[in-house]
Amino acid sequence: MIELTEGQVQAIECETDKPTIVVDPLSGQQYRLIKEEVYNLMQGIVRPFNRNWDNPADDDLVRKNV
């Protein structure tokens, strides 16, 4: 975990309508900061799409010759 400075917290609080963009000064890579509760909500939404086929009885539903 990285703790933010007071100045960084103030900058984040100014961006209320969208996630704050932070930039790695070495690589130039940009990142979006989101609240943990938003991250957890998104994990719950995405999780069902990120799992393996788990019911062999449904194998006939998958087209083999695509």
Side-chain angles (χ1 to χ4, degrees):
M1 174 176 15
I2 299 170
E3 290 193 24
L4 302 173
T5 65
E6 242 182 82
Q8 292 168 327
V9 171
Q10 289 174 359
I12 290 171
E13 288 174 349
C14 290
E15 301 252 357
T16 58
D17 60 332
K18 60 183 183 258
T20 303
I21 298 173
V22 294
V23 180
D24 178 340
L26 299 177
S27 67
Q29 177 69 45
Q30 295 183 356
Y31 299 89
R32 295 275 181 167
L33 293 181
I34 59 172
K35 293 180 180 180
E36 185 172 12
E37 51 267 15
V38 173
Y39 173 82
N40 291 335
L41 175 64
M42 293 304 299
Q43 285 291 94
I45 292 170
V46 174
R47 186 171 295 122
F49 299 105
N50 194 21
R51 61 185 180 135
N52 295 329
W53 196 260
D54 60 356
N55 189 348
D58 291 337
D59 283 348
D60 60 327
L61 300 175
V62 179
R63 288 179 38 193
K64 307 281 189 212
N65 57 353
V66 177

Listed by chain and number, what are the side chain to side chain donor-acceptor pair (under 3.5 Å) partners of Thr5, not counting sequence neighbours?
Gln8
Quick one: side chains of residues 28-42, donor-acceptor pairs under 3.5 Å with protein atoms, not counting sequence neighbours, listed by atom name and distance.
residue : atom : partner : partner atom : Å
Arg32   : NH1  : Pro19   : O            : 3.2
Asn40   : ND2  : Glu36   : O            : 3.4

Counterpart residues, side chain to side chain donor-acceptor pair (under 3.5 Å), relative to Asp24 (two or more places apart):
Ser27
